[in-house]
There are 2 protein chains.
Amino acid sequence: MNLINLSEGAYLAMHSLALVAKSQPERLTVKHLAEELDASQAHLAKVFQTLHKAGFVDSVRGPAGGFILKKPAEEISFLDIYEAMEGPVNLGHCPFGKTKCAFHNCIFTKDIHRISADIYQTYKRIRLSDF
Amino acid sequence: MNLINLSEGAYLAMHSLALVAKSQPERLTVKHLAEELDASQAHLAKVFQTLHKAGFVDSVRGPAGGFILKKPAEEISFLDIYEAMEGPVNLGHCPFGKTKCAFHNCIFTKDIHRISADIYQTYKRIRLSDF
DNA sequence: TCTATTTAGGCATTATAGTACCTAAATAAA
DNA sequence: TTTATTTAGGTACTATAATGCCTAAATAGA
């Protein structure tokens, strides 16, 4: 069981974009990336549709086609990718969306908020140019 | 979107056991706890079936029934509860269960492992007696 | 004994993520 | 121009987690 919350989709997005960034300016195909990551080609294709719509990559169809980064690798953080795949992160509120808490001092306040902030800052700091 | 991985079930287990611990030796009912936590009574009842089987609570049926802790609050950590609800945690491996990694140094090694270890130690440290 | 309360357990329903499939569009190469 | 390749997008299927519902069992109290 995984302690951090990262779907297969977000995992694929982060890892495949890192590979795309590494091989710039060469285009990479979904087929190639799926083999490289030992992942489902169908799922990865869906992920890249999302990444394309979100403006992270440019696509070229046909033979010798594939994906390249649309923005410089320095300008794409893991947080950007995470939010594109999983939706926007909202820190500062109860991580479970509760408006009412049975505890005067939430039993999670001290620790869970610290950890959430840590993950947030970590994702924000890591950039595709780091690979 | 929540950065840490904690299901509604695990959230309910941690919070309701904290309330049970606080009100010892009085028994608490699922109905009471559901109101207190503003949560689904049906779901909480399921959670307590799991907690009962896992040996965290003793149950008494019928009027004036409810749940009490079976073990001292000092001996129950959030990690114990988490694992009872979500399954055993395995640190030290790829958090996504991959045996093959496309990166010589996994892009997550430094940070994700640090954060996972942090969450693990935090859950391990927090005990029901802390409330 | 009877009734109301409360947990136990099984089953059904719902939501979501993941996967698969099919067709269209684009394009490089033969 | 034709063919093979590859992304785009829609739809549908599957698996699993989460949630809800119903009935049985237990038990305190009237």
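Letters A, B, ... are given to chains in the order of the sequence lines, protein chains preceding strands, and every chain is numbered from 1.
- Listed by first and then second residue, the side chain to side chain donor-acceptor pair (under 3.5 Å) pairs involving residues 26-39 of chain A amount to none (not counting sequence neighbours).
- Taking 4.5 Å as the limit, some side-chain heavy atom of A/Ile112 sits within range of a side-chain heavy atom of B/Ile4.
- In this structure, the CD atom of B/Glu8 is 13 Å from the C1' atom of C/dA15, given to the nearest Å.
- Spacing between atom CG of A/Leu44 and atom P of C/dC21 amounts to 17 Å, rounded to whole angstrom units.
- For residues 57-79 of chain A, the pairs satisfying side chain to side chain donor-acceptor pair (under 3.5 Å) are A/Ser77-A/Asp80, with sequence neighbours left out.
- Distances shorter than 4.0 Å separate some side-chain N or O of A/His43 from OP1 or OP2 on C/dT19.
- Using a 4.5 Å cut-off between side-chain heavy atoms of Ile, Leu, Val, Met, Phe, Trp and Tyr, with links allowed through other members, A/Val60 and A/Leu19 fall into different hydrophobic clusters.
- Between the OH atom of B/Tyr11 and the P atom of D/dT19 there is a distance of 12 Å, rounded to whole Å.
- Note on B/Ser40: a side-chain N or O is less than 4.0 Å away from OP1 or OP2 of D/dG20.
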Distance-only criterion, 3.5 Å: show the donor-acceptor pairs between side-chain atoms of residues 40-54 of chain B and protein atoms not counting sequence neighbours.
unit_1	atom_1	unit_2	atom_2	d
B/Ser40	OG	B/Ala42	N	3.4
B/Ser40	OG	B/His43	N	2.9
B/Thr50	OG1	B/Lys46	O	3.4

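- If you take CG of B/Leu12 and C1' of D/dG20, they are 14 Å apart, rounded to a whole angstrom.
- DNA chain D is contacted by no residue of residues 17-27 of chain A, taking any non-hydrogen atom closer than 4.0 Å.
- Remark: the backbone N or O of B/Leu6 is not paired with any side-chain donor or acceptor of B/Glu86 at under 3.5 angstrom.
- Applying the side chain to side chain donor-acceptor pair (under 3.5 Å) test to every pair with at least one member in residues 118-131 of chain A, sequence neighbours left out, gives these pairs: A/Asp118-A/Thr122, A/Asp118-B/Arg114, A/Thr122-B/Arg114, A/Arg125-B/Asp111.
- Formation of a donor-acceptor pair under 3.5 Å by the A/Gln24 side chain with backbone atoms of A/Ile68 is not found in this model.
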Practice problem: Summarise protein proximity over nucleotides 3-15 of chain D in one line of letters, 5' to 3': B for base, S for sugar-phosphate only, - for none, counting protein heavy atoms closer than 4.0 Å. | Solution: -BBBBSBBB----
